[in-house]
Amino acid sequence: MIASLSGNISMRTQDRVILAVQGVGYEVQIGSRLLEVLGPVGSKAELIVYTDVKENAITLYGFQNHSEREMFLMLKRVQGIGSKIALGITSVLTPAELLGAIAREDLRALTNIPGIGKKTAERIIIELRELVRSMAQGNLSNLDGFEPAATPGLKIVRSQTPASSRSDAVMALEKLGFSLDRAERAVNSALSALSAEKHSDAGEVLKEALLHLG
């Protein structure tokens, strides 16, 4: 299975590139956000790749980083969500935005994506919200297809003090891609909403903070 490719761009269109690697051209399906950051034909590129193997075809999907690939794989767990739809979603929302939308049960953020209707958005939230909460608590061992090492900082160790749990939760949100300012505001809101006895549990603080990321 091909997991990454590094070579020169020999062709690029609105939804794919051909990457020349040691004399072999690999056609890779990509999203619009990745297309914007790729260089022109002839330039070098390195892509994280998912190899989609079916009975009659092998298709490569390209991503900027492991986090995008993990979100793509997470979406494919949802009934009715195939590779093309999953790629379309990750082309619009960053991993942080997608996790936040699911945690907040934000239908509008999902239905604003071309091709995603209300029923599909509801299905994504229903089928993935517990998984996202599990990620917030650092329980990654049961997620088939995920690479915990590719998302360092997600595992939260129970802190002994409210100050250290706050710091751990802020750090975890930063690792998910949120800015320091947004992370701190979300964690502060979470601490205000949680009971005092939960302030020392970084997992509880992070789970609540995800709900305050608007």
Side-chain angles (χ1 to χ4, degrees), residues 1-39 41 43-99 101-102 107 109-132 134-135 139-151 177:
M1 179 178 293
I2 299 172
S4 65
L5 289 171
S6 180
N8 294 321
I9 299 173
S10 61
M11 189 196 80
R12 50 176 287 168
T13 67
Q14 291 184 342
D15 61 357
R16 70 193 66 191
V17 296
I18 294 180
L19 208 60
V21 182
Q22 297 182 350
V24 179
Y26 293 89
E27 183 177 86
V28 185
Q29 305 288 320
I30 62 172
S32 56
R33 208 149 44 81
L34 175 55
L35 183 65
E36 291 176 357
V37 301
L38 286 178
V41 171
S43 62
K44 292 184 177 180
E46 184 171 353
L47 303 178
I48 304 300
V49 172
Y50 170 71
T51 307
D52 191 356
V53 180
K54 295 181 179 178
E55 290 184 5
N56 57 349
I58 298 176
T59 307
L60 303 180
Y61 293 88
F63 308 93
Q64 295 185 61
N65 50 54
H66 287 284
S67 294
E68 284 190 3
R69 182 178 181 273
E70 289 174 1
M71 294 302 100
F72 172 86
L73 292 174
M74 181 180 74
L75 288 164
K76 280 171 59 66
R77 297 164 67 102
V78 177
Q79 182 181 2
I81 300 292
S83 294
K84 289 187 178 180
I85 296 177
L87 183 66
I89 295 172
T90 57
S91 295
V92 176
L93 298 180
T94 66
E97 290 168 341
L98 177 59
L99 290 172
I102 295 170
L107 281 174
L110 294 173
T111 54
N112 281 339
I113 300 171
I116 302 299
K118 184 179 178 181
K119 288 185 178 180
T120 301
E122 288 174 341
R123 191 160 61 245
I124 290 171
I125 289 172
I126 291 170
E127 295 190 26
L128 295 180
R129 59 190 173 193
E130 291 304 321
L131 181 58
V132 170
S134 180
M135 291 175 67
N139 300 325
L140 297 178
S141 60
N142 62 336
L143 306 185
D144 294 335
F146 280 73
E147 301 173 36
T151 318

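Because the structure is a prediction, the values reported are computed rather than measured.
- Residues meeting the side chain to side chain contact (heavy atoms under 4.5 Å, CB included) test with Gln22, sequence neighbours left out: none.
- Listed by chain and number, the residues in a side chain to side chain donor-acceptor pair (under 3.5 Å) with Arg33 are Glu68 (sequence neighbours excluded).
- Scanning for side chain to side chain donor-acceptor pair (under 3.5 Å) contacts around Asp15 gives Thr13, with sequence neighbours left out.
- Pairs engaging residues 2-12 under the side-chain hydrogen bond (donor to acceptor under 3.5 Å, both in side chains) rule: none recorded [sequence neighbours left out].
- When side chains are defined from C-beta on, Gln29 counts as touching Leu87, because their heavy atoms get closer than 4.5 Å.
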For side chain to side chain contact (heavy atoms under 4.5 Å, CB included), just list the numbers for Gln64 and Val37, CA-CA rounded to whole Å, side-chain angles, deciding distance to a tenth of an Å, and then say yes or no.
-> CA-CA 9 Å; Gln64 295 185 61; Val37 301; 3.8 Å; yes
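- Val17 is listed as a side-chain neighbour of Leu47, based on a closest heavy-atom distance under 4.5 Å.
- Between Val132 and Leu98 there is no side-chain heavy-atom pair separated by less than 4.5 Å.
- Take Val78 and apply the side chain to side chain contact (heavy atoms under 4.5 Å, CB included) test, not counting sequence neighbours, and it matches Ile81, Arg123, Ile124, Glu127, Leu128.
- The list of side-chain hydrogen bond (donor to acceptor under 3.5 Å, both in side chains) pairs with a residue in residues 110-122, not counting sequence neighbours, is empty.
- Under the 4.5 Å side-chain criterion, counting only non-hydrogen atoms from C-beta, Arg69 is not in contact with Val49.
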Is there a side chain to side chain contact (heavy atoms under 4.5 Å, CB included) between Ile2 and Leu60 once you walk through the steps?
-> CA-CA 8 Å; Ile2 299 172; Leu60 303 180; 4.2 Å; yes
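- Every residue meeting the side chain to side chain contact (heavy atoms under 4.5 Å, CB included) condition with Val24, not counting sequence neighbours, appears here in chain and number order: Tyr26.
- The list of salt bridge (Lys or Arg N to Asp or Glu O under 4.0 Å) pairs with a residue in residues 80-89, not counting sequence neighbours, is empty.
- Thr90 has its side chain out of reach of Pro95: every pair of non-hydrogen atoms, C-beta onward, lies at least 4.5 Å apart.
- The shortest side-chain heavy-atom distance between Phe63 and Ile30 does not fall under the 4.5 Å cut-off.
- In this structure the side chain of Asp52 never reaches within 4.5 angstrom of the side chain of Ile58, judged on heavy atoms.
- Under the ring-ring contact (aromatic ring centres under 6.0 Å, His included) criterion, Tyr50 pairs with Phe72, not counting sequence neighbours.
- Annotation: salt bridge (charged side-chain N to carboxylate O under 4.0 Å, His left out) contacts of Glu46 (sequence neighbours excluded): none.
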